[in-house]
Amino acid sequence: MKKRSNLQVMLRLIGLIKPLLGFMLIAIIMGVVGFLCASFITIFGGFALLDILGMDSPVPLGTMFVCVIIFAIARGFLRYGEQSCNHYIAFKLLAIIRDSVFKALRRLCPAKLECRGKGDMISLITSDIELLEVFYAHTISPICIAVIFSVIMCVFIGSYNPILGIIAAAAYISVGAAVPVAISKKSGNAGAEFRKGSGELSSFVLDSLRGLRETIQYNNGEKKLDELSKKTDALSEKQSEISRSAGFDTAITNTVVLIFDLIMLAVSAVLYSSGNLGFEVVIIPTTAIMSSFGPVIALANLGVSLQNTFAAGNRVLDILDEQPVTEDITGRNNIIFKGANCRDVTFSYDSEVILKNLNVDIPKGEIIGISGKSGSGKSTLLKLLMRFWKIDSGEIKISDININEINTKNLRENESYVTQDTHMFHDTIENNIRIAKLDASREEIISACKKASVHDFIMSLPNGYETQVGELGETLSGGERQRIGLARAFLCDAPLILLDEPTSNLDSLNEAVILKSLAECDENITVVLVSHRKSTMRICDRVYSAENGRMS
């Protein structure tokens, strides 16, 4: 995770408000006027006391009662309007941020996401983004409101005596800035550690649920529970630390407020006793400062909670700022597939060389087989043809054009990639197949399923193609999922089909049916077939053997 200061995170998050700046200004205006209404209810009470004591009051008693009623009613409407604007801004921006995060994840996939925990990613796109609501709804406009309101009140109190105005300014700065900054420093990285721990716990729980059957089978439940308890205890302790900081923050804030109330009362009393000022210098400034701490107390209460929010914001910004291994290419002329080839291709994961000076020809209309031991780079070659990673050296061409000069969308339209593990969505079988071609008719889907030798199985189900697939396809066997993945490839009808161990989970009969379908593909269809089975290689026009990162 990139380390950013809270100020850097805050400025980046504020920059997203630009499209909704008008709503923010409305919220700030309503907030300032609303707090002024609330404070002047108390201040007018001071004026009324002066009137009752027979002293000069700037406002007649009857007018004061009318104003107090108006202020009370207006305060309610203004508060409602301010909160409505703030939450509209917050939820609108959360939608924008989620959209940006999903776009970023799409750009980063698969190279930058393969090693990230799925639970951690879920935590980021749900709870971390949700936490930003605190910043947008309860931080930005409250800061602006507190600053503007405090300036107005300092001027008002200072009109009675400049010394009292200075005391008021010191009080607002102490409560609204000094205390939360001090508490924030005291809590250190507790917020960031809590968000990180929360993401790790989510990953652990998701991983444990997915492997529940294996955990039960091998009697590993006690160990898993022990690990879960340790992680939850550590997270609870961190939450307790944050809560203690919040309680300490509240106690310090209330103490500072009380001290400044007493200072204002004492100094105004001294000024009155000097004989140069009237009794109103005691009543009005004291009641004014006692009733005006609301906006700055709201800031003080954010001292600890913002640590959590900024930590969440930092994690979100990490995703938004992350650079993909391969950028999407646009603006080039679209190609028509005429064959592919690799020349002197070298590729490594970190420092481990996977492919070295590899040369492969993939003529149009042929079935190219790639065999070899596990770890020899067979699957990696397919990923490089998809441009999921960048090669270290050499060149990959499709239709005699370097793969790095082909529009990404056009490249993916020309390729259909079937991995060893077919992902199934929690939807109907028909919709799981239709993702390969969203406008496909039922007839096209059935035709693709027949080629993949899965139609008869689907029709044997109670609801046929409308049968719901369980989460991650757990209601289907590995072979059934694999055949559905092949059906997607046939439905997509791309001119280049990349198959990674497409028959590894199939019996001999189903393998024969699928291989027959591949052999009977249209003459314009090219297939790259990765497999360790010799029987699968029999349909290939040419076979490359992968060994030590080379093809022969």
May I ask you to check whether Thr428 and Asn431 show a side-chain donor-acceptor distance below 3.5 Å? yes
Do Asn161 side-chain atoms and Ile163 backbone N/O form a donor-acceptor pair below 3.5 Å? yes
Under 3.5 Å side-chain donor-acceptor pair for Tyr172 and Ser292: yes
For the side chain of Ser39 and the backbone of Leu36, is there at least one donor-acceptor N/O pair under 3.5 Å apart? no
Counting only heavy atoms not in Lys92 (residues, nucleotides, ligands), do more than 12 fall under 6.0 Å from its NZ? no
Begin with the C-alpha distance, continue with both residues' side-chain angles, and end with the deciding distance and a verdict on salt bridge (charged side-chain N to carboxylate O under 4.0 Å, His left out) for Arg434 and Glu430. CA-CA 6 Å; Arg434 181 175 274 117; Glu430 180 174 352; 2.8 Å; yes
For Ser141 and Asn86, does a side-chain donor sit closer than 3.5 Å to a side-chain acceptor? yes
Quick check: does any side chain N or O of Arg481 sit under 3.5 Å from a backbone N or O of Leu476, one acting as donor and the other as acceptor? yes
Taking the basic N atoms (NZ, or NE/NH1/NH2) and the acidic carboxylate oxygens, is any pair closer than 4.0 Å for Asp328 and Arg412? no
Atom CZ of Phe91 with >12 non-hydrogen neighbours under 6.0 angstrom: yes
Check whether Phe35 forms a cation-pi arrangement with Arg75 (NZ or CZ under 6.0 Å from the six-membered ring centre, at most 45° off the ring normal). yes
Can you list, pair by pair, the side-chain donor-acceptor contacts under 3.5 Å of residues 41-50, counting residues two or more places apart and other chains?
none

Do the side chain of Arg442 and the main chain of Tyr465 share a donor and acceptor less than 3.5 angstrom apart? no
Does Asn410 offer a backbone N or O that forms a donor-acceptor pair with the side chain of Asn334 under 3.5 Å? no
Could you tell me if the ring centre of Phe40 sits under 6.0 Å from that of Phe156? yes
So, the side chain of Ser274 versus the backbone of Leu271: is there a donor-acceptor pair under 3.5 Å, distance only? yes
For the CZ atom on Phe388, are there more than 12 heavy atoms of other groups (residues, nucleotides or ligands in this structure) within a distance under 6.0 Å? yes
